[in-house]
Enquirer: 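Please find one structure pasted underneath; my questions will follow.
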Amino acid sequence: EAGKRGRKVLVLDHAKKVAGKIRISGGGRCNFTNLYVKPTNFLSANPRFCVSALSRYTQLDFIALVEKHSIAWHEKTLGQLFCNTSAKQIIDMLLKECEDTGVTIQANTKITQVDVGFRLKTDRGDYSCRSLVVATGGPSVPKMGATGFGYTLAKQFGIQVVQPRAGLVPLTFDEELLARTKKLAGVSVDVSVRCDNVQFSEALLFTHRGLSGPAILQISSYWTIGKEIVIDMAPGKDVFAFLKDAKSSRPKQFPATILAEILSKRLAQSITDDCGLDVKLADIPDKKLRQLGLAVNEWRMTPKGSEGFRTAEVTAGGIDTSEISSKTFEAKKVPGLYFIGEVIDVTGHLGGFNFQWAWASGHAAGEYV
């Protein structure tokens, strides 16, 4: 966008190849946006900050760019859009757009110092500029070269940073809970999961360390240490009523057999074992059946932690939005310094929202730098 306005633009990247996270996203097919982008799909200390940029460059604008480059795409679930072939198509598209507007991209360049007046020292020479745009993301997936460089730079210029934390990340259990659930590793179930007043309904996956799957990744961005999460493993079904009906009609059946009609056999057996109810339904008091029903409809548990930045898809927190113009993305304290994308305290839900935030915030800044 800056190149279209005739600005002389140089992109410096410390990676050997640009767009590494695009390359690995969406299983290699890049979930590049979502059909249903709205401000409520984003988490921030200031929920309104994202509104302006998202309204000025929408998912339809990015889809139009994808189609301009004849990239075939498809919708999966919940409005998630993917390339039919490869994420490399999105990278090539962006590089072609840069090439067409005279933007120079220089990879494998380590920035060692940024001085006032935007004089940059690098291992490949020194540079100076009138406008400096920081698009460094956060420290999630460090094996891809991700670091907290953007936060360090912000603090150098006196700009506040909201404490970064892992977002869209699997949650882990303590040893006691893990001992009960480890045997379920690989089991997936459609659930409704909530933390405080936030709720998501998608798939959950048991792992050797705790829980993963889309529902857990979504709620993890809202979860903090010590908070309880509540999981309904049979959304829309009153499991106690279901068990009570079965007790009347099939009293000689075991509860695990009945639960296996709505849950996987392994999960049904594990839950009934935990409740100590490996007996016939006829021998189980309604009070105990109600507890079993709640174990399915309202499993309350407190994760020990998360897998951290190592496997987090995004970083929550970041540059304090009160420090930045929501129109131009320029730092209020430092004229000419801009922050865009994941480095800012704006975190999207799973499903293409974080890419749309990158496109929208980058487009907004590009109109003003």
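These figures come from a predicted structure and were not determined experimentally. Heads up: numbering here begins at 1 and tracks the sequence.
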Enquirer: Do F355 and Y57 land in one hydrophobic cluster if side-chain heavy atoms of ILVMFWY residues count as linked below 4.5 Å?
Expert: yes
Enquirer: Are any of the side-chain nitrogens in R300 or E228 under 4.0 Å away from the carboxylate oxygens of its partner?
Expert: yes
Enquirer: Within the side chain of E330, is there an N or O that forms a donor-acceptor pair under 3.5 Å with the backbone of G336?
Expert: yes
Enquirer: Main chain of D320, side chain of S322: is a donor-acceptor contact present, judged purely on distance under 3.5 Å?
Expert: no
Enquirer: How are the rings of F353 and F42 set to each other: parallel, tilted or perpendicular (split at 30° and 60°)?
Expert: perpendicular
Enquirer: Do the charged groups of R5 and E367 touch, with an N to O distance under 4.0 Å?
Expert: no
Enquirer: Counting N and O atoms only, with roles assigned by atom type, does the side chain of R165 sit under 3.5 Å from a partner on the main chain of S221, one being a donor and the other an acceptor?
Expert: yes
Enquirer: Linking I/L/V/M/F/W/Y whenever their side-chain heavy atoms sit closer than 4.5 Å, directly or via other members, would M233 and V230 fall into one cluster?
Expert: no
Enquirer: Is it possible for you to say whether V169 and I219 belong to one hydrophobic cluster, with membership spreading through side-chain heavy-atom contacts below 4.5 Å?
Expert: no
Enquirer: Is there a donor-acceptor pair under 3.5 Å between the side chain of S25 and the backbone N or O of I22?
Expert: yes
Enquirer: Can you check side chain to side chain donor-acceptor pair (under 3.5 Å) on N46 and S44, steps first, answer last?
Expert: CA-CA 5 Å; N46 176 7; S44 173; 6.0 Å; no
Enquirer: Are any of the side-chain nitrogens in K155 or E323 under 4.0 Å away from the carboxylate oxygens of its partner?
Expert: no
Enquirer: In terms of hydrophobic clusters joined by side-chain contacts under 4.5 Å, are I24 and F32 together?
Expert: no
Enquirer: According to the interplanar angle, ranging from 0 to 90°, do the rings of F49 and F329 count as parallel (below 30°), tilted (30 to 60°) or perpendicular (above 60°)?
Expert: perpendicular
Enquirer: Does E307 reach the main-chain N or O of T311 with its side chain, forming a donor-acceptor pair under 3.5 Å?
Expert: no
Enquirer: Using a strict 4.0 Å threshold on nitrogen-to-oxygen distance, state whether E97 and K68 make a salt bridge.
Expert: yes
Enquirer: Given the side-chain rings of F149 and H14, with only the six-membered ring counted for Trp, is the space between their centroids under 6.0 Å?
Expert: no
Enquirer: Same cluster or not: are V134 and I105 linked, directly or through other Ile, Leu, Val, Met, Phe, Trp or Tyr residues, by side-chain heavy atoms under 4.5 angstrom apart?
Expert: no
Enquirer: Looking at S86, is its backbone amide N or carbonyl O close enough to the side chain of Q89 to form a donor-acceptor pair, meaning the two atoms are under 3.5 Å apart?
Expert: yes
Enquirer: If the threshold is 4.0 Å, N to carboxylate O, is there a salt bridge linking E1 and K4?
Expert: yes
Enquirer: Would you say D345's side chain and I319's backbone share a donor-acceptor pair under 3.5 angstrom?
Expert: no
Enquirer: Does V114 reach the side chain of L132, with side-chain heavy atoms less than 4.5 Å apart?
Expert: yes
Enquirer: Does a salt bridge link K96 with D100, judged by any charged N lying under 4.0 Å from a carboxylate O?
Expert: yes
Enquirer: Ignoring hydrogens and geometry, is there a side-chain-to-backbone donor-acceptor pair from S188 to L204 under 3.5 Å?
Expert: yes
Enquirer: Closer than 4.0 angstrom, basic N to acidic O: yes or no for R180 and D274?
Expert: yes
Enquirer: Find out whether L43 and V346 are in side-chain contact, i.e. whether some heavy atom of one side chain is under 4.5 Å from a heavy atom of the other.
Expert: no
Enquirer: Sub-3.5 Å donor-acceptor pair from the side chain of K76 to the main-chain atoms of N31, do we have one?
Expert: no
